[in-house]
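Quick note: residue numbers are just sequence positions, from 1.
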Amino acid sequence: ILQVKQGEGDMPALKSHIRKVTQESLLSLDNVQVKLVTGTGADGQTLNGAYWSSGGFYYEVVTSRAVHDLLTMVSSML
């Protein structure tokens, strides 16, 4: 989990552990646009990530757990 203070402009390139993206989608959770990403890490392990901005911060959550588990984590942070 990474939280970065929001500046002006677009979301910065965060320090994701996902090296190769295989799927991207946008999802609205509690009126917040969340970018979901599935891909692989440097060791080839499948990873799922979520990225969004809210309340003056950018957030990034990356896990090796299933997307359902990722969404549970994200929902608890909104």
Q: List the steps, then state whether side-chain contact (heavy atoms from CB on, under 4.5 Å) holds for Val37 with Tyr51.
A: CA-CA 8 Å; Val37 176; Tyr51 309 87; 3.6 Å; yes

Q: Taking atom CH2 of Trp52 and atom CD of Glu60, what is their separation to the nearest 0.5 Å?
A: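 Nearest 0.5 Å value for the CH2-CD distance: 9.5 Å.
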
Q: For side-chain contact (heavy atoms from CB on, under 4.5 Å), just list the numbers for Val62 and Asn48, CA-CA rounded to whole Å, side-chain angles, deciding distance to a tenth of an Å, and then say yes or no.
A: CA-CA 6 Å; Val62 177; Asn48 292 302; over 6 Å; no

Q: How long is the gap from CD on Glu24 to CD1 on Ile18, to the nearest 0.5 Å?
A: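 Result: 9.0 Å between the selected atoms.
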
Q: If the test is side chain to side chain contact (heavy atoms under 4.5 Å, CB included), which one of Leu36, Val32, Val74 qualifies with Leu27?
A: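 Passing option: Leu36.
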
Q: Distance from Arg19 atom CZ to Asp43 atom CG, nearest 0.5 Å?
A: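 Rounded to the nearest 0.5 Å, the CZ-CG separation comes out at 9.5 Å.
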
Q: Between Arg65 and Leu70, does the side-chain contact (heavy atoms from CB on, under 4.5 Å) criterion hold? Intermediate values first, please.
A: CA-CA 7 Å; Arg65 299 185 65 142; Leu70 172 65; over 6 Å; no

Q: Dump the intermediate steps for side-chain contact (heavy atoms from CB on, under 4.5 Å) on Ser53 and Tyr59, then the final yes or no.
A: CA-CA 6 Å; Ser53 63; Tyr59 297 89; 6.0 Å; no

Q: Could you check whether any side-chain N or O of Thr22 sits under 3.5 Å from a backbone N or O of Thr38, counting only pairs where one atom can act as donor and the other as acceptor?
A: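 Looks like yes, one N/O pair under 3.5 Å.
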
Q: Mind checking the CE-CG spacing from Met73 to Leu78? Nearest 0.5 Å is all I need.
A: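 If I round to the nearest 0.5 Å, the distance is 12.5 Å.
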
Q: Only counting residues at least two apart or in another chain, list the ones meeting side-chain contact (heavy atoms from CB on, under 4.5 Å) with Ser64.
A: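 For Ser64, the residues satisfying side-chain contact (heavy atoms from CB on, under 4.5 Å) (neighbours in sequence not counted) are Gln45, Leu47.
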
Q: Within this structure, what is the CG-OG distance for the pair Leu29 and Ser54, rounded to the nearest 0.5 Å?
A: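 Going from CG on Leu29 over to OG on Ser54, the span is 11.5 Å.
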
